[in-house]
Participant: 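Structure in structure tokens, see below.
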Amino acid sequence: MGRAPAVQPRRVLADLAELARTTGEGDGADRVAWTPGWQRGRDLLRARLAEIGLAAIEDEAGNLWGKLPGRREEMLVLGSHLDSVPGGGPLDGALGVLAGLEVLRALIEANVFPDLTVSVVDWADEEGARFGRSLLGSAAATGRLDIEAVRGLTDADGIGLEAALGKCGVDLDRLPAAPTMELDRTLAYLELHIEQGPVLEQERLPVAAVSGTIGVERFVLGFAGRAAHAGSTPMNVRHDALLAAAATALEIERIALRHDGRATTGSLAVGPGVATVVAGSAELSVDLRNADEDELARMREEVLGVARSQAAARGCELEERDLFAAAPRAFDPELVEAVRSACAEVGGREEPIVSGALHDATEVAALVPTAMVFCPSIGGRSHAPDERTEQRDLRTAIEVFGEVATGIAVGETALPGTALSSGGDRAADSPSRRAQ
Ligand SMILES: [Zn+2]
């Protein structure tokens with residue numbers, strides 16, 4: 001028997017229900033970062049930490065930490081985010097934070113003094129729902145946030161990010177002081193999250209390991225043609241910006257299919273937008289995703305090539321404007337394998353899946369060996385009040401997450417780049433076992 005205690009999924013489900021009751025049920029979760037609803041959600045985490053005798057510590061970026069000291073200062077960090085989109089779901093982010101809390105609670109109740117210091121963290125403003133910058137707190141903690149790029153951000157009411165953070169006691173200029181040092185002595189990061197897509201439900205599987213997050217290239221293609229009279233302008237002399245954009249959009253779909261990626265042309269703004277005028281301008285948004293960095297770069301090159309030739313064919317000018325980019329991020333192979341085998345043991349997915357959405361884990365993985373656990377989303381729905389997962393699948397996923405986390409915490413599960421970590425029970429036992 002190992003020292004790793006079992007987590008109790010029912011307590012996580014009870015905390016999730018309590019969180020939903022206090023921060024918006026009928027119309028969905030009301031926990032947009034830097035608002036009173038978000039603070040109410042965090043009050044629940046603070047109260048639960050206090051119940052197990054732990055202080056809630058807020059860092060310079062507003063990330064909220066609970067820390068259970070172990071024999072070593074090096075940490076295992078378990079985290080996700082309590083913030084939501086407006087009218088969000090009950091599970092996105094909250095599941096991972098409250099499951100992390102349960103790991104600390106189980107260790108404390110079982111009187112286990114862990115090998116590693118074990119922390120739960122609620123990353124601030126994962127969603128970027130109010131100011132448009134996702135992964136704010138986790139990016140600050142990894143030292144990868146460009147303060148000047150976010151300083152001027154405002155919400156829909158014209159309130160600045162700096163003012164909103166200030167109201168929550170966070171000084172924008174202090175964000176870079178967020179605990180890079182903490183992550184520097186973190187040996188592993190684990191995050192449990194809902195899939196937010198249809199794969200696990202379609203395969204009727206309760207849980208999967210995540211091997212990494214997909215890369216993103218997001219930009220706008222601006223086609224400039226010539227507005228002209230619908231009746232008196234012959235077809236062969238037109239410079240129709242909309243048709244150049246439309247032909248490009250159809251080609252972009254084929255490019256995604258060719259490269260085993262995803263492409264979305266989700267927004268098209270046409271000027272002047274009048275039924276009797278040939279379109280003089282068209283702005284097409286392009287969002288490209290691929291798990292492979294080279295393939296993503298090739299998709300982008302091909303899209304730009306197609307856009308240039310479609311613009312030229314119709315005598316339009318083309319302008320390209322970058323919006324956002326994130327490289328594909330592979331998680332730690334050994335940690336992913338530990339999660340994968342724990343999933344397979346309980347009838348979960350044999351192969352890890354790649355996340356099409358970005359998560360705090362994407363940021364943390366830049367510094368720390370990282371893995372994620374996914375559970376299914378009914379109908380693939382998320383960011384909506386009807387975001388659900390079957391209770392039995394939630395229980396299975398929480399158990400798998402808990403097993404891997406407690407195993408690492410007490411030194412029974414090998415950490416990346418090591419044999420079994422020093423002081424682990426099994427490491428000490430094995431030579432004598434071999435001798436018998
Ligand atoms: Zn999330």
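Because the structure is predicted, anything quoted here is derived from the model rather than measured. Side-chain atoms are counted along with the backbone in the values below, which use heavy atoms only and exclude waters and symmetry mates. Just so you know, ligand 1 is whichever comes first in the structure, and atom 1 is the first atom listed for that ligand.
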Participant: By the salt bridge (Lys or Arg N to Asp or Glu O under 4.0 Å) test, which pairs, at least two apart or in different chains, include something from residues 353-367?
Facilitator: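 Residue pairs with at least one partner in residues 353-367: Arg144-Glu363.
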
Participant: Closer than 2.8 Å to the Zn ion (ligand 1), which protein N, O or S atoms?
Facilitator: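 Near the Zn ion (ligand 1), the protein supplies His81 NE2, Asp92 OD1, His193 NE2.
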
Participant: Anything under 30° is parallel, anything over 60° is perpendicular, the rest tilted; go ahead and classify Phe374 against His193.
Facilitator: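 Geometry flag for His193 against Phe374: tilted rings.
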
Participant: Parallel, tilted or perpendicular: which describes the rings of Tyr189 and Trp123, with under 30° parallel and over 60° perpendicular?
Facilitator: tilted

Participant: What closest approach, in Å, do Leu153 and Phe131 show between heavy atoms, and which atom pair accounts for it?
Facilitator: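 Shortest heavy-atom separation between Leu153 and Phe131 comes out as CD1-O, 3.6 Å.
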
Participant: Would you indicate whether Asp171, at its atom CG, is surrounded by more than 12 heavy atoms from other residues, nucleotides or ligands within a distance under 6.0 Å?
Facilitator: yes

Participant: Test your reading of the model: is there a side-chain donor-acceptor pair from Asn63 to the backbone of Gly137, 3.5 Å cut-off?
Facilitator: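 At least one qualifying donor-acceptor pair exists.
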
